[in-house]
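For reference, the structure is listed below as structure tokens.
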Amino acid sequence: MAMKPKLVDAFNAQIQAEFQSAYTYLGMAAWFTENNLPGFAQWMRIQWQEETMHAMKLHDFLHSRGESVTLRALVAPSKKYSSAVQVFEQVRKHEQSITASINDLYELALKEKDLPSQIVLQWFINEQVEEEALVMEIIERLKLVGSDGPSVYLLDRQMAVRPTPTTGTTA
Ligand code: OFO
């Protein structure tokens with residue numbers, strides 16, 4: 001069954017939002033590298049991969065429904081951060097806005113009675129709960145270590161230990 005044009009448009013907007021997340025996190029990865037925190041930089045690079053996979057999951061879903069993907073322009077990420085905590089506060093805000101857009105998209109899929117869209121979006125709803133919790137945990141850890149050099153060093157090493165994402169696309 002074909003998707004409603006309004007729903008296709010909203011999926012395309014979400015694809016843009018996911019690619020924008022990826023690009024934003026790649027900018028943050030560069031900031032961490034340039035501020036001598038390679039473990040945090042590695043974590044952000046993994047996050048960049050995860051967001052790219054999220055975008056591709058939606059991208060491939062539209063194609064599997066016989067719909068058209070329209071890629072949109074991305075905005076250059078900021079590199080004006082004053083601390084690691086501030087970077088992660090930005091991540092938290094960003095993820096909260098992504099959660100809101102996923103929820104809106106799900107509401108639209110409900111309204112349009114599009115069951116396959118609802119099912120694919122349920123995966124994203126769960127993913128957002130996990131992502132927001134993970135980011136909160138990192139913020140708490142960063143606040144705990146403060147500016148204590150050896151603790152920051154250890155935390156940076158822990159951040160580097162994050163498995164590369166291997167699933168998430170439907171292609
Ligand atoms: Fe960070 O979230 Fe995608 O969806």
Side-chain angles (χ1 to χ4, degrees), residues 11-62 69 71-105 120-171:
F11 264 83
N12 274 308
Q14 192 63 37
I15 291 170
Q16 178 195 34
E18 301 293 340
F19 276 128
Q20 185 66 55
S21 302
Y23 207 32
T24 299
Y25 297 147
L26 192 59
M28 290 174 173
W31 185 89
F32 279 118
T33 299
E34 290 159 25
N35 284 275
N36 304 313
L37 289 165
F40 279 92
Q42 172 63 10
W43 192 95
M44 279 297 174
R45 287 172 73 120
I46 301 280
Q47 193 62 17
W48 161 60
Q49 288 179 27
E50 284 219 351
E51 298 300 348
T52 303
M53 279 183 6
H54 294 172
M56 292 310 294
K57 195 176 175 80
L58 298 171
H59 173 288
D60 294 346
F61 174 75
L62 280 186
V69 170
L71 295 176
R72 300 176 184 184
L74 301 180
V75 173
S78 164
K79 277 181 72 187
K80 287 187 189 141
Y81 303 113
S82 56
S83 65
V85 180
Q86 201 220 346
V87 175
F88 274 90
E89 293 285 8
Q90 288 298 319
V91 174
R92 182 165 67 136
K93 260 199 220 155
H94 185 75
E95 287 302 326
Q96 284 171 342
S97 77
I98 293 290
T99 298
S101 63
I102 290 284
N103 291 350
D104 287 350
L105 188 50
V120 80
L121 290 169
Q122 278 164 9
W123 182 90
F124 282 88
I125 291 170
N126 283 328
E127 178 71 8
Q128 283 311 114
V129 172
E130 279 176 27
E131 284 205 338
E132 284 198 34
L134 181 60
V135 171
M136 273 310 297
E137 197 186 307
I138 294 169
I139 291 173
E140 290 310 315
R141 275 199 245 161
L142 277 166
K143 284 184 177 165
L144 203 66
V145 301
S147 56
D148 179 58
S151 305
V152 172
Y153 176 77
L154 281 179
L155 182 56
D156 186 62
R157 290 191 61 170
Q158 281 173 14
M159 291 294 285
V161 187
R162 186 178 183 193
T164 308
T166 51
T167 55
T169 54
T170 53

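Worth saying up front: this structure is predicted, and the values here are computed from it rather than measured. FYI, the numbering just counts along the sequence from 1. Below, all heavy atoms of this structure are taken into account, side chains as well, without hydrogens, waters or symmetry copies.
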Within a strict 4.5 Å, meaning less than it, do heavy atoms of the L155 and L144 side chains meet?
no
So do S21 and H94 actually touch side chain to side chain, heavy atoms under 4.5 Å?
yes
The test is side-chain contact (heavy atoms from CB on, under 4.5 Å); show your working for Y25 and V91 and say whether it passes.
CA-CA 8 Å; Y25 297 147; V91 174; 3.6 Å; yes
Can you tell me if Y23 has over 12 outside heavy atoms packed within less than 6.0 Å of its OH?
no
Do the non-hydrogen side-chain atoms of M44 and F88 ever get within less than 4.5 Å of each other?
yes
Could you check if a side-chain atom of Q90 sits within less than 4.5 angstrom of a side-chain atom of T24, using non-hydrogen atoms only?
no
For the pair F32 and M159, evaluate side-chain contact (heavy atoms from CB on, under 4.5 Å) and give the outcome as yes or no after the intermediate values.
CA-CA 12 Å; F32 279 118; M159 291 294 285; over 6 Å; no
How many angstroms lie between OG1 in T99 and CG in D104, if you round to the nearest 0.5 Å?
11.0 Å
Rounded to the nearest 0.5 Å, the CD1 atom of I139 sits from the CG atom of L134 at a distance of 10.0 Å
In sequence, state the C-alpha distance, the side-chain angles, and the governing distance for E51 and L26, and then conclude on side-chain contact (heavy atoms from CB on, under 4.5 Å).
CA-CA 10 Å; E51 298 300 348; L26 192 59; over 6 Å; no
Would you please test H54 and E131 for side-chain contact (heavy atoms from CB on, under 4.5 Å) and show each step?
CA-CA 12 Å; H54 294 172; E131 284 205 338; 3.6 Å; yes
Do R72 and F19 touch side chain to side chain, with heavy atoms closer than 4.5 Å?
no
Locate the shortest heavy-atom distance separating G146 from V152; write the atom from each residue and the value.
O-CG2, 3.5 Å
Partner residues of R162 under the salt bridge (charged side-chain N to carboxylate O under 4.0 Å, His left out) criterion, sequence neighbours left out
E50
Please tell me whether Q14 and E18 have a donor and an acceptor in their side chains that are separated by less than 3.5 angstrom.
yes
Among residues at least two apart in sequence or on other chains, which ones pass salt bridge (charged side-chain N to carboxylate O under 4.0 Å, His left out) with E132?
none
N-O pairing of K93 and E89 below 4.0 Å:
no
How many angstroms lie between CZ in F124 and CD in Q128, if you round to the nearest 0.5 Å?
8.5 Å
N/O donor to acceptor pairs below 3.5 angstrom from side-chain atoms of residues 34-43, sequence neighbours left out:
{"residue": "E34", "atom": "OE1", "partner": "K79", "partner atom": "NZ", "Å": "2.9"}
{"residue": "E34", "atom": "OE2", "partner": "K79", "partner atom": "NZ", "Å": "3.1"}
{"residue": "N35", "atom": "ND2", "partner": "W31", "partner atom": "O", "Å": "2.8"}

Drop me the distance from L121's CG to L58's CG, to the nearest 0.5 angstrom.
7.0 Å
Side chains of K57 and M53: closer than 4.5 Å at any heavy-atom pair?
no
Nearest 0.5 Å, please: how far is OG in S97 from CD1 in I102?
10.5 Å
So how far is it from Q96 CD to R92 CZ, rounded to the nearest 0.5 Å?
5.5 Å
